[in-house]
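What follows is a single structure, written as structure tokens, with notes after it.
Within every chain, numbering begins at 1; the chains are lettered A, B, ... in the order of the sequence lines, protein sequences first and strands thereafter. These values consider heavy atoms only, across backbone and side chains, with no hydrogens, waters or symmetry-generated copies.
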Amino acid sequence: MVAPRLTPDNGGVDEARPLLGLTGATVRFGLDAALDGVDFRMFGGEVHSLMGENGAGKSTLIKAITGALPLDEGTLVLDGEERHFRSPHDAHAAGIGVVYQEIDLLPNLSVAENIVLGREPRRWGVIDQRRLRERAASVLEELALDIDPRSALGLHSVAVQQLVAIARAISTDVRVLVLDEPTSSLDADEVAELFRVVRDLQQRGVAILFVSHFIEQVYEISDRLTVLRDGKLVGEYKPHQLLRIDLAHKMLGHDLSEFRERTRTTQLNETGPLYLSARGLSVAPGIVGADLDLAQGEVLGVAGLLGSGRTELARALSGVDRLDSGTVEVVADGQTVNRLRDALKAGVVYSSENRRTEGIVGELTILENIGLALQAQQGVFRRIGPERERELAESWVEALDIRPPDVDRLAGTLSGGNQQKVLLARLLAVAPKVLVLDEPTRGIDVGAKVEIQNLVAELADNGIAVVFISAELEEVIRMGDRVVVLRDGRVIDTLEAGLATVDSVLALVAQPDEDVE
Amino acid sequence: MTTIIDIPDVATTGPGAVSRFTARHAAMMPTFAAIAILLLLFAGAEAFLRGDFITGSNISALLLDNAYLLVMAVGMTFVIVTGGIDLAVGSVMAFTGIWLAKLLADGTSVAVAIPVMLIGGALIGLLVGVLVQYFNVQPFIASLAALFLARGLAFVVSLSSIKVEEPAILWMQSTRFKLGDWYITPTGILALAVVGIGAFVMHSTRFGRTVYAVGGNEQSARLMGLNVARTKVLVYVISGFCAGLAGLVLTAYSGAGYPRNGIGTELDVIAAVVIGGTLLTGGRGYVLGSMVGVFVYGTINTIINFKGADQSWTRIIVGVLLLLFIVVQRVIVARAERRHN
């Protein structure tokens, strides 16, 4: 297939010559080509999105542009001149700035220092604090950001830190700015603020490479997008000429009909008997007097703003945090769940929203990760035979289609979606009755997301009750047989599947409390 | 459509002078606490000892008696702010001290002997730094190895104490620049100069800021293009050099070199640095705070001496204070983490 190319028509920029061009870019890791003969170009003053599933070669392409990886084949031309970057430092000196997903700044230093660190104004080797602050303040002002340059960076929200990272990137003469998943932990208002800054930089002729898995944001901000798949170029497109579904199609490379379908096959009236019943759950300061019922085989979606008590509810239900008041009761035998141990006994398992810190043990293999829960259930002293453990792990890897299907691989080296699957495998290995999933699809690519959603639906069809929490309303609504809406730590409504729409749920979460004021 | 719903977080620091002050100086809070404790100790001792405590000669003696600790605490602050630890300082002080005494006893000129012993201290620091940076050895283990090495070297130089008769060394201790009841010796001036230079380097040089950057997040510091490797090696060299300087100060103070000096002193130094508000996890701390920490430590010692009580009480009180400070630091870090989420 010949990849379609477009000619630029976004006005004012050099029509003939891109600011940055890659031709036949190839990067190999051993025998595998992570990037295979990719042509890529960016024009000054455009926002260019790089799209693709995890493993499509996005990070490799970024690393090639920013000098973190050398090209094995192909050329990189910046502003008409062929360049060979040997280090990020080289690329940065040539005017290529990058802001990584995990903000690489120093929380213990001031905002001003974070912006100018390594390039501090000095007089006879002594840092000139006043000029340092002035320089930082002028960069912040350029971006119209109201941040005290002397305050410690760590005290600010992630969004502000992200903006400071951008301020750092543009404090030198930057011509190409790479933003790698800049919005993954920002809320709508913060994204708007970020986009304002991006558009501002665009006006000044900076070429911006935007990488995000939020398709809506890509469509909102981009002038052009390039799709990669399996290390190869699929094509270069203009967002307004490419339907979203076609984009997903190009990214995934296979038919995505299930993406459009309602994921759940079973409806509420088919769900089983009531399994868990929570009354008056309170955990200060997160949730206040929440009531919940959970039937076998149902998916209970939980919708709410960040800070509405979503995570606290999940943790309380699964016995992670001690309740201040209220009860969680297993309906069948009347047992109450007070502690983590009770919860595990009742078959309630919890998957944290912080996959890397509270879920997967990155330094252990897939095998060992899956084995952890089993071992915990068995007790420390009853050993599970290594063959048995391997057999179990292999069957889970196959059942959940974990890639690569190698149980001896370190879990930390897997993509986000596959890590989530390993985590699910670990939870499922103990044959749970209730799965509490806090943001199971956060930060993973579209394909893996669909797989996880399908998997959850399948589990529910097999009689497991699922509490499904997500910041994405569509997902909660699509997944849930019922949707519980939280606001300020209270359950304010429970909607049946057919009745919940994004608009109706949004109206509920955004509605102010009458009893306040 | 994808709707991400989350609470907007206003992109500005809250208004008001108080919140602005805390936003700017949050890292200084433990040091302020140390100053408060020092003042409290002074006031308590003054009341308890019926006005006999806060006198010029007592305060002057505080600096004189703890000058060697102070010098080592400055070097240790550099190391701890990068997130490392240097257990070798006590032994290095003993080794350089006895070596100096031996060199002088053998007739070496003082102008040669002092630079040689200082370089010796710095070289041991270099060894630790290279082990930590290039061989990826835990600072605890690398400096523990250096602790044994330096202690062994001290015994190689001499098994017993060597008296120093060199007038230049004795001058450092015996000269007293007086102002009424107050006095200061050249060793005291040296210690204060080290504090001054240390504070200046930490705050106003690119190297010093890199020390903080490494302690904040080594990986980020590297990605920001800072010279992490050089910085990490250099902090141990500085600490070794300071330990050498402490060896000089202690030799002058006691008028002799002794190979058993400073056993366990590294822990006193670490305690003083932590009490002064430096976070053991790195990234936060002040040289001036460490000076306060040394004075807190010294004051407790003095009070115990005044009362004629058992020295073990010093250890107990320092232990309690240390515990208190580590809890305070944990609370601060935990709060920062909570804000982060």
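Contact tally against chain A (heavy-atom pairs below 4.5 Å) for Thr205(B), Asn227(B), Val201(B), Thr210(B): the top residue is Thr205(B). In terms of heavy-atom pairs under 4.5 Å with chain B, the best-connected choice from Val111(A), Leu106(A), Asn114(A), Leu109(A) is Leu106(A). Residue with the most contacts toward chain B among Val98(A), Asn108(A), Val126(A): Asn108(A) (heavy-atom pairs, distance under 4.5 Å). Among the candidates Glu113(A), Glu475(A), His92(A), Gln129(A), the residue making the largest number of heavy-atom pairs closer than 4.5 Å to chain B is Glu113(A).
Judged by distance alone, the side chain of Arg196(A) and the main-chain N or O of Leu143(A) form a donor-acceptor pair under 3.5 Å. Thr278(B) contributes no side-chain N or O that, together with a main-chain N or O of Val274(B), makes up a donor-acceptor pair within less than 3.5 Å.
The environment of Phe32(B) atom CZ is dense: over 12 non-hydrogen atoms of other residues, nucleotides or ligands sit within 6.0 angstrom.
The aromatic rings of His203(B) and Tyr286(B) sit parallel, their planes meeting at an angle under 30°, below the 60° perpendicular limit.
Using a 4.5 Å cut-off between heavy atoms, Phe207(B) makes no contact with chain A at all.
Lys232(B) has a carboxylate O that lies under 4.0 Å from a charged side-chain N of Glu218(B), or vice versa, which qualifies the two as a salt bridge.
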